[in-house]
Amino acid sequence: MLHRRNFLKFGSIGAGTFLSGNLFGKGYPAPGKKPLVIATWDAGINANKNAWKVLRSGGRSLDAVEQGVMTTESEISCCVGLGANPDRDGHVTLDASIMDEHGNCGSVAFLERIKHPISVARMVMEKTPHVMLVGEGAQQFALSQGFELESGKLSGDAQQAYDEWLKKSEYKPKVNIENTNGTAFAPRKLSNGAWNHDTIGMLAIDANGNLSGSCTTSGMAFKMRGRVGDSPIIGSGLYVDNEIGAAVSTGLGEEVIKICGCHLVVQLMAAGMSPAEACKAAIAKIISRNGAKAKDLQVAFIALNKKGEFGTHAVQKGFNYAVCYSDDKNELIDSAYTMK
Ligand code: GLY
């Protein structure tokens, strides 16, 4: 565990940096609310609505984060659920993870033709002695638990995006960078005109002050077959310590894995940082590891602590997140970021 005297030396930025400037992004509401749910990207607004139904009735944060991201898994989306962009061989493969207030966790990776990977991840956690199931084994387990095998057919939007990608078949992973419309890895414009992004990650604190988190994605569009990102890897794409806080990530998973990103964010909170400071410090580590190449990547973290305070930080502009803490407060907020 990191101690307070050490965290000041962490990365390339000092405490003075953390204490200056707007660390929270535009429209940051009063911190320390409970219950509260926070989720990545604009898809988080709809996801929060279903999570909030659980929280407002006194339900458990674990149920909230499962119900919440199931909403996104059911929507047409470039990067979550069966309507998402496929891998380079034309198959949608899904990754998901979930973690509860007791430190229990479950995940699935490289899962095909199952509508709700987050619920399979929860069953891995609750009904097996394991943490992670992948590929065919994960699918077999899902079927044994009553999940249906869905058609492997791509959604109309995904087929169109895949056909477009096949014309050049370029492999230049760029995740979530705005203003790169037309590149294979830019967010995909949906037929309803909306832009759609990467992973949905969600964190919640319930009325009892218990924390849980969830994360679900199809990963990088047109990825190599078999590629798995950070989302199903506990400690990288998601981490919850009910005594301290929780973190979830979105963006280029390889960079998150390399720093065990979400575990790092939670450890930085344990060392005394606020959620926003911890996210900013973890992003600083990714930027310093990548040097000039950092301008070509996007990663963002969101974090929530035991007091119900939250914060976020991204490598660059364009990341937003949704926060809900009452029946009439479910706001989309632009995240703070480092690269100007
Ligand atoms: N963050 C999602 C992924 O890289 O797969």
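Every number for a ligand or one of its atoms is a count from 1 in the order of the listing.
- In this structure D206 satisfies the salt bridge (charged side-chain N to carboxylate O under 4.0 Å, His left out) test with no other residue, sequence neighbours excluded.
- In this structure the side chain of V120 reaches within 4.5 angstrom of the side chain of I114, judged on heavy atoms.
- Set against the non-hydrogen atoms of G251, the atoms of ligand 1 under 4.0 Å away are 1 (N), 2 (C), 3 (C), 4 (O).
- R56 CZ: 12 or fewer foreign heavy atoms inside a 6.0 Å radius.
- For ligand 1, one of its N or O atoms has an N or O atom of T199 under 3.5 Å away.
- Near G229, with a cut-off below 4.0 Å to any heavy atom, the atoms of ligand 1 are 5 (O).
- For ligand 1, the polar-atom distance check finds no N/O of T250 at less than 3.5 Å from any of the ligand's N/O atoms.
- Ligand 1 has no nitrogen or oxygen under 3.5 angstrom from a nitrogen or oxygen of L252.
- Looking at E255 and R289, a side-chain N of the basic residue comes within less than 4.0 Å of a carboxylate O on the acidic one, giving a salt bridge.
- H116 meets the ring pair (Phe, Tyr, Trp, His ring centres under 6.0 Å) test with no other residue; sequence neighbours excluded.
- Backbone and side-chain nitrogen or oxygen atoms of G219 are examined, and none is located within less than 3.5 angstrom of a nitrogen or oxygen of ligand 1.
- Geometrically, ligand 1 and R227 share a nitrogen or oxygen pair separated by less than 3.5 Å.
- Between R122 and E126, at least one side-chain N (NZ, or NE/NH1/NH2) sits under 4.0 Å from a carboxylate O, which counts as a salt bridge.
- Listed by atom number, the atoms of ligand 1 under 4.0 Å from S231 heavy atoms are 1 (N), 2 (C).
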